[in-house]
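This structure is a prediction, so every number in the text was calculated from the model and none was measured. Side chains included, hydrogens not; waters and symmetry mates left out as well; all remaining heavy atoms used.
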Amino acid sequence: MKREAENICRRASGLIMQYKSLTVMAVYAVFYLIAFFYLEQRDVAVHEINFGIDEYIPFCEIFIVPYLLWFAYVAFTVVFLCIRDKEESDKLVAFLMAGMTIFIVVSAVFPNGHNLRPTVFERDNIFIDLIRHLYATDTPTNILPSIHVYNSVAIMIAVSRSRCFAGHNIIRTLMLALGVSIIFSTVLIKQHSMLDVLLALLLSALMYSICYKRSTVREKRVFTARIK
C-alpha cells in the first residue's frame with residue numbers, strides 16, 4: 001500500500017514537472033479568479049473611463065459570439081501549447097500572468113467602469129438574449145485594460161510563433177481572425193471602452209518586449225556562443 005502511494009506521488013510529480021507551465025497557469029488562474037471576484041464585489045467609488053470615440057462605435061449584437069468564444073480560445077491554446085510546445089508555452093504563460101497581474105493591481109488601486117451599455121434593445125434575438133445574460137452576470141467595472149484584448153493578443157502571438165502551427169496556414173489564419181474579432185467584439189457589444197482596448201494593446205507591446213524580445217536576444221547569444 002505504501003509503495004503504491006509512493007508510485008502515485010512519483011507519477012504525479014513527474015506529470016507536474018513535465019507540464020510545469022500548465023501547472024503554474026492553473027494555480028495562478030485560481031488566485032486570479034479569487035482576486036477578480038473580490039474586486040467585482042467590493043463597494044467602492046468607480047472612476048468612469050468613457051472615451052470620446054465610444055459614442056461613434058455602433059452596437060452590434062452578433063459580436064457576442066466571438067466575445068464568448070474567447071474563453072475556449074484562450075483555454076484551448078494554453079493547454080495545447082503547454083502539452084505540445086513547452087518552449088513557446090513558457091513565454092505565453094509568462095506573458096499572460098504578467099498582464100493579468102497588472103490588471104488586478106490597476107483594478108485594486110483605480111476602480112474603473114463605464115456607462116456605455118444600452119438600456120433598451122431595438123431588436124430581440126438569441127444574440128440579444130446572450131448579451132442580456134452577460135450584462136446580468138458581469139458588471140461594467142474593473143475593465144481597464146481589457147483582459148479580453150490582452151489575452152487575445154497573447155494567443156495570436158503564440159500561434160504565429162509556435163512550430164505547432166507551422167505549415168497549418170488555414171488553422172493559423174482562423175485563429176488570428178478569431179483573435180481580431182474578439183478584440184472588435186469588446187467595443188461592439190459595449191462591454192469595454194476604446195480606452196480599455198488601446199491600453200491593452202499598449203500593455204501587450206510592452207510585455208512582448210519583455211517576454212519575447214529579451215528571450216530571443218538571449219537565445220541568439222547562446223547560439224552564437226555554441227558556434228564559436
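Checking side-chain atoms of Asp54 against main-chain N and O of Met194 turns up a donor-acceptor pair under 3.5 Å. Asn142 contributes a side-chain N or O that, together with a main-chain N or O of Leu39, makes up a donor-acceptor pair within less than 3.5 Å. In this structure a side-chain-to-backbone donor-acceptor pair under 3.5 Å is present from Thr173 to Asn169. Put simply, the side chain of Thr186 gets close to the backbone of Ile183: a donor and an acceptor are under 3.5 Å apart. The backbone N or O of Tyr67 lies less than 3.5 Å from a partner atom in the side chain of His148, making a donor-acceptor pair. Although no hydrogens or angles enter the test, the distance criterion places no donor-acceptor pair under 3.5 Å between the side chain of Asp85 and the main chain of Ser162. Checking side-chain atoms of Asp90 against main-chain N and O of Ser21 turns up no donor-acceptor pair under 3.5 Å.
Side-chain contact between Arg123 and Phe59 is present, with heavy atoms from C-beta onward closer than 4.5 Å. A 4.5 Å side-chain heavy-atom check between Leu174 and Leu178 finds every atom pair outside the cut-off. Residues Ile157 and Lys91 form no side-chain contact, since every pair of their non-hydrogen atoms from C-beta on lies 4.5 Å or further apart. Within the 4.5 Å cutoff, the side chain of His192 has no heavy atoms near those of the Val149 side chain. Counting heavy atoms from C-beta on, the side chains of Glu61 and Phe121 never come closer than 4.5 Å. Residues Met100 and Phe31 are not in side-chain contact: their nearest non-hydrogen atoms beyond the backbone lie 4.5 Å or more apart. Residues Phe165 and Phe80 meet the side-chain proximity criterion, which asks for heavy atoms closer than 4.5 Å. At least one side-chain heavy atom of Arg42 sits less than 4.5 Å from a side-chain heavy atom of Pro111.
Judged by a 6.0 Å distance limit and a 45° cone about the ring axis, Arg117 is positioned over the six-membered ring of Tyr135.
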side-chain contact (heavy atoms from CB on, under 4.5 Å) between Ile57 and Leu116, worked out: CA-CA 10 Å; Ile57 298 175; Leu116 300 171; over 6 Å; no

Check against side-chain contact (heavy atoms from CB on, under 4.5 Å), Ile49 and Ile143: CA-CA 9 Å; Ile49 57 169; Ile143 53 178; 3.9 Å; yes

Candidate pair Gln191 and Asp196, rule side-chain contact (heavy atoms from CB on, under 4.5 Å), full reasoning: CA-CA 10 Å; Gln191 187 66 3; Asp196 310 334; over 6 Å; no

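Residues Ser107 and Asn112 come closest through the heavy atom pair CA-ND2, 4.4 Å. Shortest non-hydrogen contact noted between Ser146 and Ala200 is O-CB, 3.4 Å. For the pair Trp70 and Ser152, the tightest heavy-atom approach, listed with the atom from each and the gap, is CD1-OG, 3.3 Å. In plain terms, the two heavy atoms of Met207 and Ala98 that are nearest each other are SD-CB, 3.5 Å. Of all the heavy atoms in Tyr32 and Ile147, the pair that sits closest is OH-CG1, 3.8 Å. The heavy-atom pair separating Phe63 from Ser185 by the smallest distance is O-CB, 3.2 Å.
Phe37 and Phe103 fall within a single hydrophobic cluster, where Ile, Leu, Val, Met, Phe, Trp and Tyr are joined by side-chain heavy atoms under 4.5 Å apart, directly or via other members. Taken together through direct or relayed side-chain contacts under 4.5 Å among Ile, Leu, Val, Met, Phe, Trp and Tyr, Tyr28 and Val105 form parts of separate hydrophobic clusters. By the rule that hydrophobic residues join a cluster once side-chain heavy atoms approach within less than 4.5 Å of another member, Ile170 and Tyr73 end up as members of separate clusters.
Ion pairing between a basic and an acidic side chain is recognised when a charged N comes within 4.0 Å of a carboxylate O; Asp124 and Arg132 show such pairing.
Summarising the local packing, CD1 of Ile62 is surrounded by 12 or fewer heavy atoms from other residues, nucleotides or ligands at distances under 6.0 Å.
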